[in-house]
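Reading through the structure tokens given below for one structure.
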Amino acid sequence: MDEGLMDNGQMNEGRTDGKPPLERQENEYNQGLADSKLILEMQYMLDFAYHRQGFGTEMCRAALTYARERLGADEVRLKIREENHASLALAGELGFW
């Protein structure tokens, strides 16, 4: 991962899996575009105790703003399991579809 995508590690605080919440994705969608187009994948997880209180929406909006304004992302993508109805609803609210 390009270290320039992290703001001195601040966006990674509190993660237990060691992955950043925003990372460059090299895949079939952007092969050969990595130098010209910055495509990030956003990952998030919120404890059930904090669901349905607006924290997920606020957290994701802040991450999207950071990705676009600070990192210069051309595109941000999500991977969501079909059965994760809460995340699908959140993605819709955020304008992913």
Side-chain angles (χ1 to χ4, degrees):
M1 188 189 80
D2 181 351
E3 288 301 314
L5 296 181
M6 297 302 296
D7 187 28
N8 297 323
Q10 293 170 353
M11 289 288 290
N12 201 27
E13 288 183 15
R15 291 289 302 234
T16 58
D17 61 4
K19 287 185 168 183
L22 294 164
E23 62 182 331
R24 181 185 299 266
Q25 292 299 298
E26 303 294 338
N27 55 43
E28 67 273 14
Y29 302 111
N30 70 345
Q31 280 183 331
L33 298 176
D35 293 333
S36 60
K37 189 172 183 182
L38 180 57
I39 300 173
L40 301 178
E41 181 177 285
M42 183 168 69
Q43 303 173 19
Y44 55 86
M45 182 171 44
L46 190 62
D47 189 276
F48 285 115
Y50 300 102
H51 283 203
R52 306 201 50 82
Q53 297 178 52
F55 294 121
T57 302
E58 185 176 343
M59 173 179 65
C60 288
R61 283 194 176 135
L64 288 169
T65 298
Y66 182 88
R68 292 179 180 128
E69 294 179 7
R70 296 282 304 277
L71 302 178
D74 296 299
E75 188 175 332
V76 178
R77 296 183 177 172
L78 299 175
K79 284 186 186 175
I80 302 172
R81 292 188 182 127
E82 287 182 33
E83 65 273 9
N84 191 339
H85 301 288
S87 279
L88 291 169
L90 175 58
E93 184 179 334
L94 294 169
F96 280 89
W97 41 76

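Residue numbers run from 1 in the order of the sequence given.
- The closest donor-acceptor contact from the side chain of Asp74 to the backbone of Ile39 lies at 3.5 Å or more, if one exists at all.
- For Ala91, the side-chain contact (heavy atoms from CB on, under 4.5 Å) criterion is met by Leu78, Ile80, Phe96, Trp97, not counting sequence neighbours.
- Residues Gly56 and Leu46 come closest through the heavy atom pair N-CD2, 3.6 Å.
- Shown here are the ring-ring contact (aromatic ring centres under 6.0 Å, His included) partners of Phe55, two or more places apart in sequence or in another chain: Tyr50.
- Under a cut-off of 6.0 angstrom, the local environment of CD in Glu58 is sparse, with at most 12 non-hydrogen atoms contributed by other residues, nucleotides or ligands.
- For the atom pair CE (Met42) and CZ (Arg77), the distance works out to 13.5 Å, reported to the nearest 0.5 Å.
- The side-chain hydrogen bond (donor to acceptor under 3.5 Å, both in side chains) pairs that include a residue from residues 80-93 are Tyr44-Ser87, Thr57-Glu93, Asn84-Ser87, where partners are two or more places apart or lie in different chains.
- Leu71 places a side-chain heavy atom less than 4.5 Å from the side chain of Leu40.
- Nearest heavy-atom pair, Lys79 versus Glu41, reported as atom, atom and distance to 0.1 Å: CE-OE1, 3.1 Å.
- In this structure, CD on Glu75 lies 10.0 Å from CG on Leu38, to the nearest 0.5 angstrom.
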